[in-house]
Amino acid sequence: MAHQISVFAENKPGRIEKITRLFWKEKVNIRAITISSANGFGVIKVLVDQPQKAFDALRAEGLPVYQQEVIAISMDDQPGELYKVARVLSENNINIEDSYGFVVKNREKAVLVLQVESQPQTQSILEKNGFQLLTDEEIYQY
Amino acid sequence: MYWEKDIETINRDDLKKLQSERIKKTMVQAKKTSYYRDLFQEQHIDPDTIQTPEDLRMIPPTTKENLRSGFPFGFLATSLDEVVRLHSSSGTTGTPTVIYHTAEDLVNWTNLLARSLYMVGMRKSDTFQNMMSYGLFTGGLGMHYGGEKIGALVIPIGAGNSKRQIWFLKNFKTTVIHIIPSYALLLSNLIKNEDLDPKKDLNLRIILLGAEPHSEETRKRVEELYGAKAFNSYGLSEMNGPGVAFECPFQNGSHLWEDAYVLEILNPKTMEPCAPGELGEIVLTSIDRKATPIIRYQTKDLAYLIDGPCPCGRTHSRISRIQGRTDDMFIYHGVNIFPIQVEKVLMNNPEVGSNYRIVLERQDYRDTMKVEVEIKSELFFGELQKLERLRERIQAELRSETLVTPEVALLEPETLPTSEGKAQRVFDNRQL
């Protein structure tokens, strides 16, 4: 299982800087980051190599932070790979709450991050369908 | 159960007789002040004919501005030799207002406080930490002497210095505190930051909330946070200070001590008396004070009379919580709004903290109202949609409470300034 860290931030200059400076100080490496915002505030989601350390550091700063398990699927970086995943999810009537992807290892491999409501169930469905799910460590072994 | 059963449960006819006697004495004193002597002359009022609560209505009300204009001795009815203390409220506009007390005045005031504190259950076995500022402000010294009169152990710690407050709460097993409601909410967080549970690790059983109007929701939150009973204390420096009206154990309105004050609730526009349940301005006459008689003082506090007898057996009229002040009220899109209405909505949403701010701006002749509130770290679950739904919900609740639709800004925790005194809630930046 991979872990995702979400941080609440007001939509104003310097928020990302504050968070990334903290990661730099704590020597936490970021693999993926997404930002969504609405009406003056936003949520920053990151996938990092040391989620617990990142979580503790953000909390110590007094920032509203949340850690949760997400599904990280390993895929080959080629056409049709995302479709395979989407098909399985669709066939099993699983709704995606949030998702993002990134390419690793010089365009050989890609990782799709999925946030769904029924996490364990989805996980076993994906595994049954032959997908490789990554842990925090594995994401970084790429 | 009663500090003075005879007075607290006096029948209304006898109460009126007592008031009338004291009104006559008050008129004798008023005649000795330069302010009322001039007023009586100007208005052709013979103070000797003012003998009952109804008669008082022949005298024009006294305002804060009148008190200021009488600075320093315009309202003094005794020689300075008889005066043993003064209290003063600074006010923000310059000239202070001053209230003088004879030794007897202080005894009477202290007695009102002892009566109030005894009513909410305070006894001599209690340890009472008085977190109001001492000095010219009446909340500190006034309540202090009331606590001593009951025989409680009084800790005159004063306001602020939260770390020291917590240290005393813990080490002296304080059972009663007197605190400003917004500070009570703030302090509970600071207590938790010290790894203490305000419910389990402290011994509080009674919380006296004063100096700031607050909502029923705020009281409930304070009671939950500390696991203690919270009571509303009402007073103002012009009427001595705390001890004007106080909630009884039934927590349904505050008994206004009518042996010391004549109560009127008046429609602010017509100055006619309001029926029970009808919101109006509290107007008070001190009738048990020798050095500084004040007749029909316009408090600017808005409340209503609660009808019917109180199950506690006390016969003194009950007033509602202060629903707003005629002067912290603001008008937005033609609607009168009080910060307490906003507070009520925010308190019903546990995802947001207790500190908030209302900012009014005017851009291109268009007014905007923004309610800023901090989200609570422990109730953040990582999702933007949930926050957006929370924001929309607060906005909808504010709309149904105030009839206008303000913007709602969710802020990071601890970004709004905190206050150990009266919190400023409304920031009106509109240029008229």
Side-chain angles (χ1 to χ4, degrees), chain A residues 1-19 22 32-48 51-52 54-71 95-100 113-119, chain B residues 162 186 188-195 346 349-359 361 363 368-399 405-418:
Chain A
M1 263 309 183
H3 288 84
Q4 172 184 274
I5 305 290
S6 308
V7 191
F8 171 86
E10 285 168 49
N11 200 347
K12 62 185 185 191
R15 306 328 284 158
I16 301 280
E17 191 242 333
K18 182 176 177 180
I19 294 162
L22 211 59
I33 180 164
T34 71
I35 302 170
S36 46
S37 68
N39 284 303
F41 59 87
V43 173
I44 299 160
K45 294 180 176 179
V46 288
L47 221 53
V48 295
Q52 191 59 48
F55 176 82
D56 292 342
L58 291 163
R59 169 158 278 194
E61 280 292 302
L63 290 164
V65 57
Y66 187 67
Q67 183 174 197
Q68 73 197 112
E69 291 188 342
V70 287
I71 297 172
N95 191 36
I96 301 173
E97 291 185 332
D98 196 7
S99 173
Y100 47 95
V113 180
L114 280 184
Q115 227 182 287
V116 294
E117 206 170 281
S118 47
Q119 201 88 354
Chain B
S162 304
L186 170 71
S188 77
N189 277 343
L190 304 175
I191 293 170
K192 285 177 193 159
N193 286 350
E194 308 244 321
D195 283 327
L346 298 178
N349 286 283
E351 299 91 339
V352 296
S354 49
N355 203 5
Y356 70 96
R357 204 156 75 150
I358 299 165
V359 184
E361 304 276 0
Q363 283 169 340
T368 57
M369 170 179 164
K370 186 156 83 175
V371 174
E372 298 179 329
V373 64
E374 297 165 356
I375 78 153
K376 267 199 216 141
S377 289
E378 62 270 28
L379 290 172
F380 171 65
F381 297 110
E383 289 313 310
L384 188 76
Q385 292 98 311
K386 275 188 193 147
L387 292 170
E388 186 49 22
R389 260 178 261 139
L390 168 69
R391 198 191 64 79
E392 283 167 2
R393 190 174 72 224
I394 291 175
Q395 195 173 42
E397 287 175 12
L398 284 171
R399 182 170 50 232
T405 309
E407 290 170 42
V408 174
L410 301 181
L411 308 183
E412 293 163 21
E414 286 163 42
T415 47
L416 289 174
T418 55

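Quick note on labels: first sequence line is chain A, next is B, and so on, each numbered from 1.
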Engineer: Heavy-atom distance under 4.5 Å to chain B: side chain of A/Q67, backbone, both or neither?
Structural biologist: neither

Engineer: Which atom names give the shortest non-hydrogen contact between B/F380 and A/V65, and what distance separates them?
Structural biologist: CD2-N, 3.7 Å

Engineer: Would you say that more than 12 heavy atoms from the other residues, nucleotides or ligands in this model lie under 6.0 Å from the CZ of B/R393, or not?
Structural biologist: yes

Engineer: Testing the basics here: between B/E388 and A/A38, what is the closest heavy-atom pair and its distance to 0.1 Å?
Structural biologist: OE1-CB, 4.1 Å

Engineer: Test side chain to side chain contact (heavy atoms under 4.5 Å, CB included) on B/E383 and A/V43; report intermediate values, then the result.
Structural biologist: CA-CA 7 Å; B/E383 289 313 310; A/V43 173; over 6 Å; no

Engineer: If you round to the nearest 0.5 Å, how far is CD of B/E374 from CZ of A/F8?
Structural biologist: 10.0 Å

Engineer: Quick check for you: among B/T415, B/L410, B/V408, which has the greatest number of heavy-atom pairs under 4.5 Å with chain A?
Structural biologist: B/L410

Engineer: Examine whether an atom of A/E10 lies under 4.5 Å from a heavy atom of chain B, and if so say whether it belongs to the side chain, the backbone or both; otherwise answer neither.
Structural biologist: both

Engineer: Please check if atom CD in A/E97 has more than 12 non-hydrogen atoms from other residues, nucleotides or ligands closer than 6.0 Å.
Structural biologist: yes

Engineer: Can you tell me how far CG of B/L384 sits from CG of A/N39, rounded to the nearest 0.5 angstrom?
Structural biologist: 9.0 Å

Engineer: Which bit of A/I44 comes within less than 4.5 Å of chain B, counting heavy atoms only: side chain, backbone, both or neither?
Structural biologist: neither

Engineer: Can you tell me which portion of B/L379 sits under 4.5 Å from chain A's heavy atoms? Options are side chain, backbone, both or neither.
Structural biologist: neither

Engineer: Measure the CZ-CD distance between A/R15 and B/E412 for me, rounded to the nearest 0.5 Å.
Structural biologist: 3.5 Å

Engineer: From A/F41 CZ over to B/L411 CG, what is the distance, rounded to the nearest 0.5 angstrom?
Structural biologist: 10.5 Å

Engineer: Can you name the closest pair of heavy atoms from B/P413 and A/G62 and give their distance?
Structural biologist: CG-O, 3.9 Å

Engineer: For B/K376, look at atom NZ and say whether over 12 heavy atoms of other residues, nucleotides or ligands are found less than 6.0 Å away.
Structural biologist: yes

